[in-house]
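Worth saying up front: this structure is predicted, and the values here are computed from it rather than measured. Within every chain, numbering begins at 1; the chains are lettered A, B, ... in the order of the sequence lines, protein sequences first and strands thereafter.
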Amino acid sequence: MDYNFNEIEPKWQQYWRENKTYSASNESDKPHFYVLDMFPYPSGAGLHVGHPLGYIASDIFARYKRQQGFNVLHPMGYDAYGLPAEQYAIQTGQHPAITTEKNIARYREQLDKIGFCFDWDREVRTCDPQYYKWTQWTFIQLFNSYYCTRCQKAKPISNLVDHFAKNGSEGIQVACSEELIFSAEEWNAMSEEEKSKTLMNYRLAYLADIPVNWCPQLGTVLANDEVVNGLSVRGGYPVERKLMRQWSLRITAYAQRLVDGLEQVDWTDSLKEIQRNWIGRSEGAAVWFPLAVDQKQNILPGAMAQMGQCEPVAEPSFEIFTTRPDTIFGVTFMVLCPEHEMIASITTPEHKEEVEAYVTWAKNRSERERQAEVKKVSGVFTGAYAVNPLTNEQIPIWVSEYVLAGYGTGAIMAVPAHDSRDFAFAKHFNLPIRQVVVPAGSNPDELTDPATWTESIDSKAGICVNSGFITGMKVKDGIKAIIGKLDEMGIGHKTVNFRLRDAIFSRQRYWGEPFPIYYKNGIATTLPEECLPLMLPEVKEYKPTATGEPPLGNAEKWAWDEANRCVVETSKIDNKTIFPLELSTMPGFAGSSGYYFRYMDPRNDKEYFAPDVVNYWQNVDLYVGGAEHGTGHLMYARFWCKFLFDLGLAPKEEPFQKLINQGMIQGRSNFVYRSKEDNNLFLSKNIEGREEKTVPIHVDINIVDNDILDIEKFRQWRPEFAEARFELEDGKYVCGWEIEKMSKSMFNVQNPDDLVARYGADTLRLYEMFLGPIEQAKPWDTNGIEGVFRFIRKLWRLFHNEQNVFNVSDEPATKQELKVLHTAIKKVTADIENFSFNTSVSAFMMCVNDLGSLKCNKREVLEPLTIILAPFAPHIAEELYHLLGNEGSVTLAQFPACNESYLVEDAFNYPVSFNGKMRFQIELPLGISQEDAIKAVMEHESTQHYLGGKEPKKVIFVPKRIVNIVM
RNA sequence: GCGGAUAUGGCGUAAUGGUAGCCGCGCCAGACUUAGGAUCUGGUUCCUCACGGAGUGGGAGUUCGAGUCUCCCUAUCCGCACCA
């Protein structure tokens, strides 16, 4: 064999390992560049060809930057906590750490074969105590912080405690779960337990009874991004709404900064938009609607005091949020969510039974039922009335599921004429509809009766009508005017609402980071920082306990001895000096939210990362990973980073400057067609009548090559096919194919190892890049890899004679050869900068084709070629570079710059391409006319030579110095 | 429903507003071969024997010139979804 990748690739991988070629230094005069991949969860199935796609792209970029003289940090690690290892543990009793270790070893083996330039000395694993120590540490910092909305920054909770002691809640501007009002005296009179409970209202990591996504099958709660259509992302089990005491992160405090930060980063618009949608910022007004005066006698005692909190209006009132304050004159009723705390107190006796029944029904509905019946209108009248503060009209108060408890205030003013949901509700219950806006362009004097409408007019483009002092204004101006008026009256103000919810941070699982929290007389207390890490304990069983507690409830040794500062047996809990530890663990996103910092200084035992190190690396320059993390990981990681920024630890507010989403690789399944009559007979795809006579069956893609079935392998594949007979076409069995998800059950998983074994890592790398634009989702199709393999061998032959003896000439290169080389340098450089790796591979192929037809074996051309190829196909580049007699690694050699002067030919030197046409590229003076240019070209002796006296069919002048002559 | 993206040969794709289809797969023909799933050469958008004509999802527009820019429509994919 001429080109022997089996020998070359392991050799250079070993060379890189032994020479620590890719180890990054934390002290360097070179400019820094940080290239990061989203670290993988090591699943039992191993890597498939989709995983390396992003890794290859980032590897190319990292190598390129290194060749440009940057000190490149390009680390890799494992997101090692996760559900599959735990479920495997429940079934088999094998410790998840063992499963994880085994899977990691397998991943590493697969990754190593592809020749990545990772600095493995910096590897991190989220399940490693030396790593999760800092996850726990960050949790403690979150616990000990609150968010000041005045300075838009996290601050120590002790500041708030001091303030409470002096001034009570007076004058604070903070992010909180609910507005609490208390005086300094009241604060100072509180018990420790009450103080603790009050502070939970402000902490950035807090414990609260909140409605959570509870998944009974998984036995755990899930974050919003872990639930899709009422089903868990992992496993697809139903999820229900349940009130539980849980840890949460107050990510909502950062909502505005999370929106603003998107302006500073270089991400795709679509991903930024996904994040904006998820945060869901909307501007509008908060308005207080008082309860009608003659209703007050109906109110239960005690409710008055509660409603008194709805300052600043003295009367009991409801706070609503609207984005359309201009439509306030069109309000005809009000709707509360079924969870609204004032329902019981305002409902009149005659409606009590009905309302209670409705509320109970609504609360017991699962998320999936709710979402499936979004269009179905339901609701109930409370018997109570509120007053529209601008018109003094009384409006009925209803309760309905379509108002959500978690958004705004859980109460809305309903404007059926201009909101489709209110419209549907009004239609269903026969409530009045009043038009207050006419669409732009229609006549305000000719109004139709809203009762005859089939839909509401939701558009903001319009003019206000029937709206008191704002009549005649544009909607936009109306909104401003109403907000001004509400402000003046003291019954409302401009406000901003976010769709984003706080992140639920507890999981009732074993395989995760333990919380550094114990419960001292019921008060959640953090472990001293110097006692971290709090190690995950051993348990007998990985299931929840018999009493329904999380798996850590099974641990024999899971209590905190405060005096001796150590973990002791659970049986010793006395609630004097020995206390129970938290039983939940942290969710998957905990460990992945700050791992990019830890890579900078992974073995630091004293700090998360040293200040001088983080000040050198700053943040991630390039982050490559899947778009499926758009609302989960990327949101949490940005929050985490902003928090560390507030603490003064992170130098930049945004963790990931540029982000590339590699597209998903889908599977390409192959089918054989089995006869309906004869189970042992298989018809080739294109046989007439095959469709009616057969049923398709998935067949392992590894026994199919270019859609041609290997019949012998098929017979051996499964016992039931041993006797298989075939109806062939042209002597071959042609399989059908379809694009499906890559999955074991469809036998369409393509494993990178198999391809490396057959074609080598360089071919795999080039081919994965050649498939198409990196960001695009595409099906895996091994047909075509041969083309790239051919290219590699052609390249090899440029350096070798027919006897496979190394043969390179020191003669100076011709202009034409240099042109070919520098065209490639120019194209490849520009393509790498644009992450357009598929076109750079094309450029290499064209370059080698051209050099092949020129029979060029000149060192002057070949040496730079190996250097620019090194990021893409490092092994063969390394080998050829050394055959040329060079020392050191080609992957560190200076990336050559394009010398443009080679690209401009002497006029008419030779035709650039023959394709039935001749193309001449010439230098023309600026502003030359078309006629003159054609004349000059036609008269040139070189043109005459090529024409050989014949008349061309057509002569076309194209600006950019090109004249085409069609023969 | 809202938002985002995409649409080019048999297939993957390529074209700073300037020859549409580079590069590769597949296919066709040829060369060298005992052989080829090796290698090399040529061809390959469609219609047409040819001359020639048509052509970047459909329709308008801007421009000397549009795959590319603008507007409308259609289809597909992705995200969010009773968020007031």
Note to self: For a quick check of understanding: with a heavy-atom distance under 4.0 Å over all strands, which category does A/Ser420 fall into, base, sugar-phosphate or nothing?
What the structure shows: nothing
Notebook entry, point to check: Mind checking the C1' distance from B/U33 to B/C40? Whole angstroms is fine.
Noted result: 12 Å
Next item on the list: In whole angstrom, give the distance that lies between atom CD of A/Glu273 and atom P of B/A81.
Entry: 15 Å
Notebook entry, point to check: A/Arg668 near the nucleic acid: base, sugar-phosphate alone, or nothing, with a heavy-atom cut-off under 4.0 Å?
Noted result: nothing
Checklist line | Length of the CD1-C1' vector between A/Ile274 and B/G79, whole Å | finding: 5 Å
Next item on the list: Take atom P in B/C69 and the same atom in B/A75, then report the distance between them in whole Å.
Entry: 22 Å
Next item on the list: Using a 4.0 Å heavy-atom cut-off across all strands, classify A/Val841 as base, sugar-phosphate, or nothing.
Entry: nothing
Next item on the list: Take atom C1' in B/U70 and the same atom in B/C46, then report the distance between them in whole Å.
Entry: 30 Å
Next item on the list: To the nearest Å, give me how far apart CD (A/Gln776) and C1' (B/U13) are.
Entry: 9 Å
Check: What is the distance, rounded to the nearest whole Å, between atom CG of A/Asp781 and atom C1' of B/G12?
Finding: 8 Å
Notebook entry, point to check: What does A/Pro773 touch in the nucleic acid at a heavy-atom separation under 4.0 angstrom: a base, only the sugar-phosphate, or nothing?
Noted result: sugar-phosphate
Note to self: By nearest atom, which of the nucleotides B/G12, B/A84, B/C40 is closest to the A/Phe770 side chain?
What the structure shows: B/G12
Notebook entry, point to check: Which value, in whole Å, describes the distance between the P atoms of nucleotides B/U13 and B/U6?
Noted result: 13 Å
Next item on the list: Could you work out the separation of B/U8 and B/C22 based on their C1' atoms and round it to a whole Å?
Entry: 13 Å
Check: B/A20 and B/U45: how far apart are their P atoms, nearest whole angstrom?
Finding: 14 Å
I'd like a list of close polar pairs between nucleotides 26-34 of chain B and the protein, N/O only, cut-off under 3.5 Å.
{"residue": "B/G26", "atom": "OP1", "partner": "A/Asn706", "partner atom": "ND2", "Å": "3.4"}

Next item on the list: Would you mind classifying the nucleic acid contact of A/Lys272 as base, sugar-phosphate or nothing, using non-hydrogen atoms under 4.0 angstrom?
Entry: nothing
Notebook entry, point to check: Can you check whether A/Asp422 reaches A/Ile412 side chain to side chain, under 4.5 Å on heavy atoms?
Noted result: yes
Next item on the list: Could you state the atom-to-atom distance from CG of A/Leu271 to P of B/G4 in whole Å?
Entry: 14 Å
Next item on the list: Please tell me which of the listed nucleotides, B/G4, B/A84, B/A81, lies nearest to the side chain of A/Trp278?
Entry: B/A81
Notebook entry, point to check: Starting at NZ of A/Lys827 and ending at P of B/A14, how long is that distance when rounded to a whole Å?
Noted result: 9 Å
Margin query: Categorize A/Asp422 for me: base, sugar-phosphate, or nothing, with a 4.0 angstrom heavy-atom threshold over every strand shown.
Written below: nothing
Notebook entry, point to check: Between B/G79, B/A38, B/A84, which one does the side chain of A/Asn277 approach most closely?
Noted result: B/G79
Next item on the list: Using only heavy-atom distances, determine whether the side chains of A/Ser842 and A/Thr839 contain a donor-acceptor pair under 3.5 Å.
Entry: no
Next item on the list: Mind telling me whether A/Trp796 and A/Tyr3 have parallel, tilted or perpendicular rings, with 30° and 60° as the class edges?
Entry: tilted
Check: Out of B/C82, B/G24, B/G37, which nucleotide sits closest to the side chain of A/Tyr402?
Finding: B/C82
Check: Among A/Phe770, A/Tyr767, A/Tyr759, which residue meets the ring pair (Phe, Tyr, Trp, His ring centres under 6.0 Å) test with A/Phe789?
Finding: A/Tyr759
Notebook entry, point to check: For A/Asn838, which contact category applies under a 4.0 Å heavy-atom criterion: base, sugar-phosphate, or nothing?
Noted result: sugar-phosphate
Note to self: Roughly how many Å apart are B/G4 and B/G9, using the P atom of each and rounding to a whole number?
What the structure shows: 27 Å
Check: Looking only at side chains, do A/Tyr407 and A/Ser282 share a donor and an acceptor under 3.5 Å apart?
Finding: yes
Item checked: Rounded P spacing from B/G24 to B/A15 in Å -> 16 Å
Check: Rounded to whole angstroms, how far apart are CD on A/Gln750 and P on B/G12?
Finding: 19 Å
Margin query: Using the side chain to side chain contact (heavy atoms under 4.5 Å, CB included) definition, which of the options A/Asn748, A/Val704, A/Leu709 pairs with A/Asn670?
Written below: A/Val704
